[in-house]
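Since the structure comes first, as structure tokens, the remarks are kept for the end.
Protein chains get the first letters and strands the later ones, always in sequence-line order, with residue 1 at the start of each.
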Amino acid sequence: AQSVTQLDSQVPVFEEAPVELRCNYSSSVSVYLFWYVQYPNQGLQLLLKYLSGSTLVKGINGFEAEFNKSQTSFHLRKPSVHISDTAEYFCAVVRMDSSYKLIFGSGTRLLVRP
Amino acid sequence: DVKVTQSSRYLVKRTGEKVFLECVQDMDHENMFWYRQDPGLGLRLIYFSYDVKMKEKGDIPEGYSVSREKKERFSLILESASTNQTSMYLCASNPGGGTEAFFGQGTRLTVV
């Protein structure tokens, strides 16, 4: 079985400050990793993904994430946030031996304050 | 662009009613998914389908069934709606192979 843990349910931060949203996973096999964002009253859209190759992945809106296999983590970072980054962020995994199930973490609500 | 369309944004149904949530994708994707989203619980997989007429249970299938008669359409059925099924329901699709999923706008279902 696999699971995804997002330890922080809510992260408040001031505008232009850096932010890190944490994601840890457990799986007996290798996985693909994703970060999605959900703005208020909207569906989910992909921020970035890690399939293979470089462990530092860059996504849209200035976000990046680093895959750390030894720590089974895939933390999301942005060096300077904007008010418009206020949203809910979800980490997700898919097992490499089965590309069907996309399993999500519980989400982290990012609140950017002026 | 990939488009995943859910038939309703908001639905209010009575306890015991049979409820159909419809989802259509326009990119010939093999896989389709139904999730429910609740505060603090993230997205939980109800059912997914990897081909026409093929389906597998997700993590919380109890009280739900699905139908996929055509590749582009995936329906979620609540046989007898209950108040604990009040939630946001999200449909998604992907072509498989570890690619990302594309989501619909969601259906907020209230069972009274």
Sequence neighbours left out, what passes salt bridge (Lys or Arg N to Asp or Glu O under 4.0 Å) with Glu62(B)? Give chain and number order. none
For each of Gln105(B), Gln37(B), Arg44(B), Glu100(B), tally heavy-atom pairs with chain A at distances under 4.5 Å, and name the one with the top tally. Glu100(B)
Atom OH of Tyr39(A) with >12 non-hydrogen neighbours under 6.0 angstrom: yes
Determine whether Ser106(A) and Gln6(A) satisfy the following criterion, side chain to side chain donor-acceptor pair (under 3.5 Å), listing intermediate values before the conclusion. CA-CA 6 Å; Ser106(A) 56; Gln6(A) 293 181 247; 5.4 Å; no
Passing candidate, side chain to side chain contact (heavy atoms under 4.5 Å, CB included) with Phe104(A), options Val93(A), Leu44(A), Val4(A): Leu44(A)
For the ring pair Phe74(B) and Phe48(B), is the centre-to-centre distance below 6.0 Å? no
Measure Arg9(B) against the heavy atoms of chain A and call it side chain, backbone, both or neither at under 4.5 Å. side chain
N/O donor-acceptor pair under 3.5 Å between Thr107(B) side chain and Ser8(B) backbone: yes
Given that the side chain runs from C-beta out, which part of Asp59(B) has a heavy atom under 4.5 Å from chain A: side chain, backbone, both or neither? side chain
Can you name the residues of residues 46-61 of chain A that have some heavy atom under 4.5 Å away from a heavy atom in chain B? Leu46(A), Lys49(A), Leu51(A)
Using the ring of each side chain (for Trp, its six-membered ring), is Phe63(A) parallel, tilted or perpendicular to Tyr89(A), with breaks at 30° and 60°? tilted
Is it the case that the side chain of Asp26(B) and the backbone of Lys3(B) share a donor-acceptor pair, with hydrogens and angles ignored and the cut-off at 3.5 Å? yes
By a 4.5 Å heavy-atom criterion (distance strictly below it), what part of Thr99(B) contacts chain A: side chain, backbone, both, or neither? backbone
At a heavy-atom separation under 4.5 Å, does Leu90(B) approach chain A through its side chain, its backbone, both, or neither? side chain
Which atoms of Gln10(A) are under 4.5 Å from chain B, going by heavy atoms: the side chain, the backbone, both sets, or neither? neither
Tyr35(B) and Phe33(B) aromatic ring geometry - parallel, tilted or perpendicular at 30°/60° bounds: parallel
